[in-house]
Amino acid sequence: FNNIEFRRALSIAVDRQALIDAVFVGQGAPAHASMREDDPLYNEQLAKQYTEFDPDKANQMLDALLPNKDGEGYRLDADGQRVSIIFELDQTRTTFLDMFELAIPMFQAVGIDAQMRTMDRSLWEQRVRRGREYDATAHQFGANSGIAAMLDPRFYVPINNNCFYAQGWALYFTQPDNADAIEPPAEVKAQQELYRQLVATAEPARQQELMAEVLQNAADLFFTFGVSLPADGY
């Protein structure tokens, strides 16, 4: 997961429109966690990069990273072990369960041994949010516009325990002396410092400028990938 090409390959292995049509009855649009198009902070690269469904290209990219396969066509790591991803899901979120029933075969089709494990919400909180006992996880991102994204930029910069993709980096931001904290690479540290500047800034125009930088960096770093913008609420 630390290899950006691996993340890109998995992203284009997902047929987002098929998921939107089947689970959301066609409501939504292929996108990552991002601003909506009518938001002043909208960043097209962040929203749309690697959202095209292209399993042939995904296989080509993965062939360059993980060329060896076992007899069932699953990719092997440097130690000869099958590359497996277990998605741990809160069983109360039925939308996620429906989506992963469809998405897991898409990952398997490009040689990744993807699996789904469901659990009670309280157990999920204990293992995933507090214990970090997981391989991969999925969750809904609601703060996708304006000031809400500045207050909760979980997918753009690792700064709290909602940043499941980088718990060690998030701990470094909040508790650098914690034994579980992991010092991030320079580009991630720079992203965290930008966010410190943002929350220390009272002037709205400067807040917008800093948040635009945070979003552009997030687009370049490609920490996470998503499926769809949420449908309109009420």
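No hydrogens, no waters, no symmetry mates; every other heavy atom, side chains included, goes into these values. Computed from a prediction, not measured in an experiment: that's the story for all the values here.
Residue Pro158 comes nearest to Cys163 through the heavy atom pair CA-SG, 3.6 Å, listed as atom of the first residue, atom of the second, then distance. Closest heavy-atom contact between Glu213 and Gln191: O-OE1, 4.3 Å. The nearest pair of heavy atoms linking Leu41 to Leu215 is O-CD1, 3.5 Å. The shortest heavy-atom contact between Pro176 and Ala181 is O-CB, 3.9 Å. Nearest heavy-atom pair across Leu102 and Val23 is CD1-CG2, 4.0 Å. Nearest heavy-atom pair across Val110 and Pro55 is CG1-O, 4.0 Å.
Applying the salt bridge (Lys or Arg N to Asp or Glu O under 4.0 Å) test to residues at least two apart or on different chains, the pairs with a partner in residues 189-206 are Glu183-Lys189, Arg206-Glu209. Applying the ring pair (Phe, Tyr, Trp, His ring centres under 6.0 Å) rule to pairs touching residues 13-35 yields His32-Phe222, sequence neighbours excluded. For residues 169-217, no residue pair satisfies the ring pair (Phe, Tyr, Trp, His ring centres under 6.0 Å) rule, not counting sequence neighbours. Among residues at least two apart or in separate chains, side chain to side chain donor-acceptor pair (under 3.5 Å) pairs with a member in residues 12-21 are Ser11-Arg16, Gln17-Asp21.
Judged by distance alone, with hydrogens and angles left aside, the side-chain atoms of Gln192 form no donor-acceptor pair with the main-chain N or O of Ile159 at under 3.5 Å. At least one donor-acceptor pair closer than 3.5 Å links the side chain of Asn160 to the backbone N or O of Asn162. Between the Gln197 side chain and the Leu210 main chain, no donor and acceptor come within less than 3.5 Å of each other.
Side chain to side chain, Tyr74 and Arg82 fail the donor-acceptor criterion of an N or O pair below 3.5 Å. For Asp113 and Gln115, the side-chain atoms include at least one donor-acceptor pair closer than 3.5 Å.
Listed by chain and residue number, nothing satisfies the side chain to side chain donor-acceptor pair (under 3.5 Å) test with Lys48 (two or more places apart in sequence, or in another chain). Under the side chain to side chain donor-acceptor pair (under 3.5 Å) criterion, Gln216 pairs with Asn43, Gln45, Asp220, sequence neighbours left out.
Pro30 is listed as a side-chain neighbour of Ile20, based on a closest heavy-atom distance under 4.5 Å. A heavy-atom distance below 4.5 Å is not found between the side chains of Val83 and Leu76. With a 4.5 Å cut-off on side-chain heavy atoms, Asn3 and Leu65 count as touching. Within the 4.5 Å cutoff, side-chain heavy atoms of Met116 are placed close to those of Glu101. Here the side chains of Leu194 and Met211 are not in contact, with every heavy-atom distance at 4.5 Å or above. Side chains of Ile85 and Leu10 form a contact here, defined as non-hydrogen atoms less than 4.5 Å apart.
With values rounded to the nearest 0.5 angstrom, Met106 atom CE is found 13.5 Å from Ile12 atom CD1. To the nearest 0.5 Å, atom CE of residue Met35 and atom CG of residue Leu229 are 10.0 Å apart. The distance from atom CZ of Phe100 to atom CZ of Phe87, rounded to the nearest 0.5 Å, is 5.0 Å. In this structure, CG on Asn68 lies 9.5 Å from CG on Asp77, to the nearest 0.5 angstrom.
Put simply, Phe53 and Met99 are part of two different groups of oily side chains (I, L, V, M, F, W, Y) that touch within less than 4.5 Å, one to the next. The cluster map of Ile, Leu, Val, Met, Phe, Trp and Tyr, joined by side-chain heavy atoms under 4.5 Å apart, puts Val25 and Leu19 in different clusters.
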Exercise for the section: Would you please test Asn217 and Glu187 for side-chain contact (heavy atoms from CB on, under 4.5 Å) and show each step? Expected result: CA-CA 9 Å; Asn217 290 343; Glu187 61 270 24; over 6 Å; no
Problem - Evaluation steps, side-chain contact (heavy atoms from CB on, under 4.5 Å), between Thr118 and Leu97 - result: CA-CA 8 Å; Thr118 63; Leu97 302 183; 3.4 Å; yes
Exercise for the section: Decide side-chain contact (heavy atoms from CB on, under 4.5 Å) for Glu44 and Glu37; before the verdict, give the C-alpha distance in whole Å, the side-chain angles of both, and the deciding distance to 0.1 Å. Expected result: CA-CA 8 Å; Glu44 185 176 9; Glu37 289 191 40; over 6 Å; no
Problem - Verdict with supporting geometry, Thr174 and Asn161, side-chain contact (heavy atoms from CB on, under 4.5 Å) - result: CA-CA 10 Å; Thr174 57; Asn161 67 359; over 6 Å; no
Problem - Audit row: Arg75, Asn59, side-chain hydrogen bond (donor to acceptor under 3.5 Å, both in side chains) steps and yes/no - result: CA-CA 10 Å; Arg75 298 181 184 279; Asn59 265 312; 2.9 Å; yes
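Enclosure of atom CD in Gln60 is not indicated, since only 12 or fewer non-hydrogen atoms of other residues, nucleotides or ligands lie within 6.0 angstrom. More than 12 heavy atoms of other residues, nucleotides or ligands shown are found within 6.0 angstrom of CD on Glu5.
Here Arg154 pairs with Asp152 in a salt bridge; the nearest charged N to carboxylate O distance falls below 4.0 Å.
A ring pair (Phe, Tyr, Trp, His ring centres under 6.0 Å) with Phe6 holds for exactly one of Tyr50, Phe1, Phe225; it is Phe1.
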